[in-house]
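This report concerns only the one structure given below.
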Amino acid sequence: MAKKNTNANKKNNMQQATAGDVAVDVQGVTKHYIIRHQKSPSLKDEKKDRLLKGKDTVEEFLALDDVSFTIKHSETFGIIGSNGSGKSTLLKLIAQVLKPTKGQVMVNGTVSALLELGAGFHQDLTGRENIYLNASILGLKRKEINKRFDQIVEFSELERFIDMPVKSYSSGMYMRLGFSIAINVNPDILLVDEVLSVGDQAFQSKCYKVIYDFIRRGKTIIIVSHDLETISDLCKRVLFLRKGKIELMGDSIQVVSRYRAYVEELERIRIAEQQKEERKKIFKSIIDSKRKVVAAEEIEKLSKIDGGASFEGRFGKGDAEVTKIEMSDEAGNLIDFCKSDAVAHITLEVKFKNLVENPIFGIRITDHRNSVVYGTNSRLLGIKTGVYKPGDKLKVTFGQKINLIGGHYFVTISIGHKDGKTYCDWINNVMTINVLRKNNSEGIADLNSEMIIKQI
Amino acid sequence: MISNFKKLIAYRELLFSLTKKELKVKYRGSVLGFFWSLLNPVLMMLVYSFVFSMILRQGIQEFAIFLLCALLPYNFFSNSVNYGSGSIISNANLVKKIYFPKEIIPLSIVLSNLINFLLELVVLFIVLSIFGYKFYMYLYLLPVVILVQVLFVSGISMLISALNVFFRDLQHLITILMLVWFFATPIIYPLSMVPQRFQFWMQLNPMAVFTSYYRNIFYFVKYPEDMYWPSLEIILICLGITFLFFFMGYFIFKRLEPKFAEEV
């Protein structure tokens, strides 16, 4: 059973507060949702279902799975995770709106939840009336509202509109009023769910000022956001939820960077899935046509829609073939990751099956969004490669400094004919380079900024 | 239980502001505003007087007043239950986002209808004085009767509003149920018109007992020979049923409350 504490029973709060400096204690919390499928494929089926079972078909959804953590007073705590990971459910459990299926949630102190701004506004009432209504829903007494009324109005910048019904407000005005009320309730614990993106720049910076003010005054703040900058900026400790379980919890920089990597991975998988079909279609058309020569435009197309490090994206006439590919550091040790700024050698072994004159050896590095980060080939570099007979073997090494910000990058290799239009062998995304993340910059390219600050 | 009540008391300000909201919203946009609460019973009386003195003639004297002093309390009951039944669902945004004792929602509807009822009673008092009814004779009984009725109405409202979250068909059934209840309560007819052997059973309905009291206080003061005071037995049964419904409504509401946020 969850123990509830609201401003309603302050006495109780006082007793529990002396128990320690824990603001929120979540112990072994599991939350099931029951999803009812109301729409069966046909009306007849549905009727049968209803008659047989007397109920809609029911599915259980596990939103949170045995989650435990504690938040101390005066802590700013962030919760991150992809959609459906259980963040909002967790926040609602702390706000006491939901009850856990198993486990317990203990809260010490008054809670104000910015779950949805303006929840409970009544369209036909004026801004003034809604302030009184909403603030009393959030637990304020009339006297307290009277005292804070001017502050609320001033903060919302709605002085001129305060006696108009809120249905005539723009969505921005609506949110501003909601935010102003919620923060002026002055709770011990503030729950914030994706609401810091309210209003224009000026209002937003005001919101941040208020949040910082809260932090300075030693209030406990729990923030759920997809905005990782905000999270790592505001929070010391961050919880990363994944499919209802705690993936990682701790120092915000560490957790946020792990989450970033996870999101990138997800994004890469998503793109790969999405493009798999299209890729298959084009390959099928190439294979079906039994052409030995593939036109450059088609290769261009194929290389753009690839994803996933597999040999699936391989084609070519077969006059020469890549038989091996590896990456090593400057000392020649094989590696599968490297540091930003380090030199990496990518070496291919090539075997010739027919006579090939002046083949063009090419390399291309792409990021997870399939944008080309870097690419070059022997022709562009002005290297004469020579003539090779069937059975000849060759070792080709590309050496480059990896001036990249951390993340996953993919290597595509090609051996082209001298006409520059057809290929002996092309392998898409044959290798992944994992670049260790540096936490001093963002983006793709590492331009190694040096900052100089001088007083003038 | 006691802590729940304490919480409810702590949130009384919210109860009042939600009640205020209900009243404000009801008349927002209309020119006469809350005067409608006063005007409504007057207009109703005019219509009933016309219908029952010109078209449907029967033997009851000053039928409009006879009717009104039972109809107003009944309307308080049926409006509260009708509006209350869908109240949790229509306040889904609050239920899902903010923590507070949810029984405040149906109770605020009962309270706003009570205020409306009291305003209508003021109009009734004026009409009664004009027609020479000495309604002040038994007026001391009125607060007690109203209080007991409020308990009964609150219980039913909480019960129905909670059940309606899970069985949405209820809301449609309620309209019909209220109509049946209307005819099962001696409102458009006197209890004396009911065959003797059914009278006891009819009075198991607390609304029937309340009606007897309202009618004695307002109407039969002018015709004391027709006054009917329910027996002690019936009074005790009525109180028993009222408390039963109140606590049952409250307990079932509290039992189902944690599930509201997921179901609405």
Side-chain angles (χ1 to χ4, degrees), chain A residues 1-2 4-12 31-36 63 88-89 91-101 107 110-126 129-145 165 167 182 193, chain B residues 1-30 33 87-88 90-105 107-109 111-112 165-169 254-264:
Chain A
M1 287 293 282
K4 285 180 201 164
N5 266 312
T6 62
N7 54 342
N9 43 9
K10 280 198 175 120
K11 217 169 151 193
N12 215 346
K31 179 72 191 170
H32 288 277
Y33 280 117
I34 289 178
I35 306 169
R36 292 208 172 79
S88 293
T89 302
L91 218 52
K92 281 183 181 172
L93 286 167
I94 296 171
Q96 323 258 339
V97 179
L98 291 178
K99 279 213 165 140
T101 316
V107 178
T110 60
V111 177
S112 177
L114 276 66
L115 296 183
E116 193 179 86
L117 296 173
F121 276 4
H122 198 287
Q123 296 294 322
D124 286 329
L125 298 181
T126 65
E129 290 163 337
N130 267 309
I131 290 178
Y132 279 95
L133 178 62
N134 210 259
S136 64
I137 290 169
L138 294 173
L140 276 193
K141 302 263 178 291
R142 201 177 166 78
K143 269 189 202 159
E144 297 169 307
I145 306 172
K167 66 180 168 192
D193 189 1
Chain B
M1 174 80 196
I2 288 162
S3 76
N4 274 341
F5 268 130
K6 268 190 189 157
K7 213 174 282 173
L8 184 59
I9 289 163
Y11 269 91
R12 64 186 180 279
E13 298 233 5
L14 176 58
L15 177 61
F16 299 144
S17 32
L18 278 178
T19 306
K20 229 158 112 188
K21 180 205 97 179
E22 287 297 326
L23 289 170
K24 270 184 188 158
V25 168
K26 193 167 173 187
Y27 298 116
R28 186 52 46 99
S30 61
S87 60
I88 299 288
S90 58
N91 281 298
N93 54 349
L94 285 187
V95 173
K96 273 198 265 192
K97 305 287 179 187
I98 299 168
Y99 169 78
F100 63 95
K102 306 290 186 295
E103 64 270 23
I104 283 179
I105 294 175
L107 289 181
S108 72
I109 289 184
L111 202 56
S112 68
V165 174
F166 302 91
F167 315 105
R168 306 277 168 110
D169 307 290
K254 276 303 189 191
R255 215 12 162 1
L256 297 175
E257 187 185 11
K259 298 246 164 202
F260 287 168
E262 289 165 48
E263 290 286 337
V264 293

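Each chain gets a letter, A, B and so on, in the order its sequence line appears, and its residues count up from 1.
A distance-only check finds no donor-acceptor pair linking the side chain of E13(B) to the backbone of K141(A) [under 3.5 Å].
Rounded to the nearest 0.5 angstrom, K31(A) NZ and E262(B) CD are separated by 3.5 Å. Put simply, CD1 on I137(A) and CG on N91(B) are 8.0 Å apart, with the number rounded to the nearest 0.5 Å. One distance of note links NZ of K259(B) with CG of L98(A); it measures 10.5 Å at 0.5 Å rounding. Rounded to the nearest 0.5 angstrom, K24(B) NZ and T126(A) OG1 are separated by 7.0 Å. Atom CD1 of residue I98(B) and atom NZ of residue K92(A) lie 11.5 Å apart, to the nearest 0.5 angstrom. Once rounded to the nearest 0.5 Å, the distance linking OG of S17(B) with CD1 of I131(A) reads 13.0 Å.
I104(B) does not touch chain A: none of its heavy atoms, backbone or side chain, sits under 4.5 Å away.
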